[in-house]
Amino acid sequence: MRRVRWMVLGLVFAVSLLGVVEKLTAAGATKHPNIVFLLADDLGWTGLRSFGSDFYETPNLDALAASGMKFTNAYAACTVCSPTRASIMTGMYPARLHLTDFIAGQNRPWAKLRIPDWEKGLDLSYVTVAEALHEAGYTTAEIGKWHLNYAGRPADKYDAHAHGFDFQVDKPRGTKGYFVPNGTNGEGASKSEFLTDYLTDKAVEFMDAAKDKPFFLYFAYHVPHTPIQGRQDLVEYFRKKVDPNAIHKNPTYAAMVASLDQSVGRILKRLDELGLSDNTLVIFTSDNGGLTQRYGKPDLFTENLPLRRGKGSAYEGGVRVPAIIRYPGVTKAGSVCNEPIITIDYYPTILHVAHVKGNRQHNQNVDGASITPLLHSPTSTLNRDLFWHYPHYHAGGDSPYSAIRSGDWRLIEFHEDHRLELYDLAKDLGERHDLADEMPERAKEIHRRLIAWRQRVNAQMPSPNPDYDPKRATQVRPSRR
Ligand SMILES: [Ca+2]
């Protein structure tokens, strides 16, 4: 009797699962579509032409947006590199992972607050998206910047191989800045090659080799992160087009963005040539906003306007990023989604689309939500608050802070003096008009939710620094390792 009941339950479950599978694979895509995740480094919200740049040229990414879904309220889970990358790999908030700064961080021994003892590597106990996909039969590759291990520890301890990637390629030995030296790829190149082009070759080689089975390509670009260096032909091209009245006007930076765009074009073209485009989920986004200033001085590399500030800061310019998703048969060409999404969402989304369960214990702590309802219907809502927690100082930004976005409200808490700032993004996208004093009740209510979240994820807090010295507060010492 008991056995029959289980069989019936099993049948009901199988039938309902079939319904979900059918819905997700409406056209083209198979049960295990390929996943191509393209991650830019430090590309700000307006860094693409289709996201508002008045100077950069990004025809391939614009075409990707035109053939897929563009997200206008997409966020990185952190205002700097490593924590966002960890959030993509795990689906968890950096605050929960206690991996809250770029590895290995920056130490200011005389600052007002002492930073907590945070994690400088992604612990192997987490089941990354690569591990979950690999387990389900995917071939997995990490091309480019990893930034989740720690130079002070054995090099391979937290590297991409240890986290579920079959293949890993980054800068070859001897690379200077963005230039790969002669002949390192064994093909006797006659001159140095731009790193992005070199890595794109590797990504294409991987797709060619992996095409017969489902694959996961995680291509983490170095561009347009510092050092600001571009391919000479592209720099020359943009130098002639500089408009002093434009918001974006650095030709070398534009060349870096163009290299990124050309690479994406080559990846997408190869998917077409291999006949895989209809069966591939493509995600493009960035790990944090554009770098606009360091130590209070503008860098003049780029701008995130109309957003306030950039990488390292507490404001929207630090975390709002471009995002494009193309899933043929599901996303409608040229569709736009204004619902806020964040990098912790990619883990559950990818697992959902790929019909991969992953590890139950890991998944219990996943903070993100599958955004597949948005891919089907961009006007649906996820009805939730988003959070950031950065208990660190950064050269490009502010003092330690936490923040919450709740509907159109964004509240920031600065930990040095417990100051609250409240903005209405619907009316004030540039966060110019702080409403915390005008609307103390609303600020308090939203602040309560921020505090409750910090407790839920066991966020590490900065503490008063007994060595605080106002005269030396901004001085930097190498990180304690
Ligand atoms: Ca970055």
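Each ligand, and each atom within it, is numbered from 1 in the order the structure gives. In this chain, numbering begins with 1 at the start of the sequence shown. When reading the values below, keep in mind they use all heavy atoms of this one structure, side chains included, and skip hydrogens, waters and symmetry mates. The structure presented is a predicted model; accordingly, all values stated were derived computationally and were not measured.
In terms of distance to the Ca ion (ligand 1), the nearest N, O or S atom of D41 is named OD1. The closest approach of D42 to the Ca ion (ligand 1), by N/O/S atoms, is made by OD1. As for D287, its N/O/S atom nearest the Ca ion (ligand 1) is the one called OD2.
Because the distance cut-off is set at 3.0 Å, T84 fails to qualify as a neighbour of the Ca ion (ligand 1), as none of its N, O or S atoms comes that close. Coordination check, C81 versus the Ca ion (ligand 1): passed, since an N/O/S atom of the residue sits under 3.0 Å.
H389 and T100 share no donor-acceptor pair across their side chains, judged by distance under 3.5 Å alone. Between S53 and H248, the side chains place a donor N or O and an acceptor N or O closer than 3.5 Å (distance only, hydrogens not considered). A donor-acceptor contact closer than 3.5 angstrom is absent between the side chains of D261 and T58.
Cation-pi check for K157 over Y150 is not met; the charged atom does not lie both under 6.0 angstrom from the ring centroid and within 45 degrees of its normal.
Taking the centre of each ring, F55 and F238 come in below the 6.0 Å mark.
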